[in-house]
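Right, one structure below, let's go through it.
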Amino acid sequence: MAEEKQEQGTNPSQEQPNVPLPRNYKQALETNNPTKTSWPELVGVTAEEAETKIKEEMTDVQIQVVPHDSFVTADYNPKRVRLYVDESNKVTRTPTIG
């Protein structure tokens, strides 16, 4: 009887998905956009090979090749991937979106 009174006084529960809210901007992007955001497997390959592989997966992305010890802006661009390369034009850091 007490359970019936409690149920009458409350709104019926609505089913909510058991998905936690994103904790930061990167997580929010990943939940809305299931595409890949980094390519660790491309470290050590040439910039041309890395660019070809990334363009296969994301056709509308802009690739920037950044030579060793160059300065770059700190802004975030979801349509940009930077390829940090050494003197022999090999990728030295994991390419990521941004």
Side-chain angles (χ1 to χ4, degrees):
M1 181 98 174
E3 292 175 7
E4 291 176 5
K5 287 184 181 180
Q6 285 180 348
E7 289 179 355
Q8 290 174 357
T10 60
N11 291 335
S13 64
Q14 296 177 357
E15 290 190 30
Q16 303 257 341
N18 192 16
V19 178
L21 293 173
R23 303 198 72 159
N24 58 41
Y25 186 68
K26 183 176 184 231
Q27 285 181 342
L29 283 178
E30 289 172 351
T31 58
N32 293 332
N33 185 4
T35 59
K36 199 169 180 181
T37 59
S38 67
W39 294 264
E41 70 275 11
L42 297 180
V43 173
V45 303
T46 66
E48 293 80 20
E49 292 171 321
E51 183 172 356
T52 301
K53 177 66 176 164
I54 293 168
K55 291 265 187 180
E56 286 174 1
E57 297 178 17
M58 296 185 68
T59 56
D60 59 341
V61 73
Q62 175 192 5
I63 306 290
Q64 290 182 348
V65 178
V66 181
H68 180 68
D69 290 336
S70 294
F71 291 100
V72 295
T73 60
D75 63 324
Y76 181 84
N77 181 345
K79 297 288 183 183
R80 174 182 63 210
V81 175
R82 288 183 173 141
L83 299 176
Y84 293 92
V85 297
D86 60 12
E87 296 81 18
S88 62
N89 206 31
K90 302 245 180 181
V91 177
T92 58
R93 289 204 269 181
T94 299
T96 58
I97 292 176

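Atom set for the values below is all heavy atoms of this structure, side chains included, hydrogens, waters and symmetry mates excluded.
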Any side-chain heavy-atom pair of [X] and [Y] under 4.5 Å:
X     : Y     : answer
Ile63 : Ile54 : yes
Arg80 : Asp75 : yes
Trp39 : Val81 : yes
Val72 : Tyr84 : yes

Identify whether [X] and [Y] are in the same connected component of the hydrophobic contact network (ILVMFWY, side-chain heavy atoms under 4.5 Å).
X     : Y     : value
Val45 : Val65 : yes
Val66 : Leu42 : no
Met58 : Val43 : no

Considering all heavy atoms, the nearest Ala47-Val85 contact |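 For Ala47 versus Val85, the nearest heavy atoms are CB-CG1, 3.9 Å.
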Does the Lys55 side chain pair with the main chain of Val61, one donor and one acceptor, at a distance under 3.5 Å?
->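 Indeed, once roles are kept as given, a pair shorter than 3.5 Å links the two residues.
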Taking atom types as modelled, find out whether Thr46 and Glu49 have a side-chain donor-acceptor pair closer than 3.5 angstrom.
->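 Present: a donor and an acceptor within the cut-off.
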Provide the full list of side-chain hydrogen bond (donor to acceptor under 3.5 Å, both in side chains) pairs with a residue in residues 61-70, sequence neighbours left out, each pair given once.
->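 Listed once each, the pairs are Gln64-Arg82.
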Which pairs count as side-chain hydrogen bond (donor to acceptor under 3.5 Å, both in side chains) when at least one residue sits in residues 89-98, sequence neighbours excluded?
->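 Every side-chain hydrogen bond (donor to acceptor under 3.5 Å, both in side chains) pair that includes a residue of residues 89-98, provided the two are not neighbours, is Glu48-Asn89.
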Which distance, rounded to the nearest 0.5 Å, do you find between the CD1 of Ile97 and the NZ of Lys36?
->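 Ile97 atom CD1 to Lys36 atom NZ measures 10.5 Å (nearest 0.5 Å).
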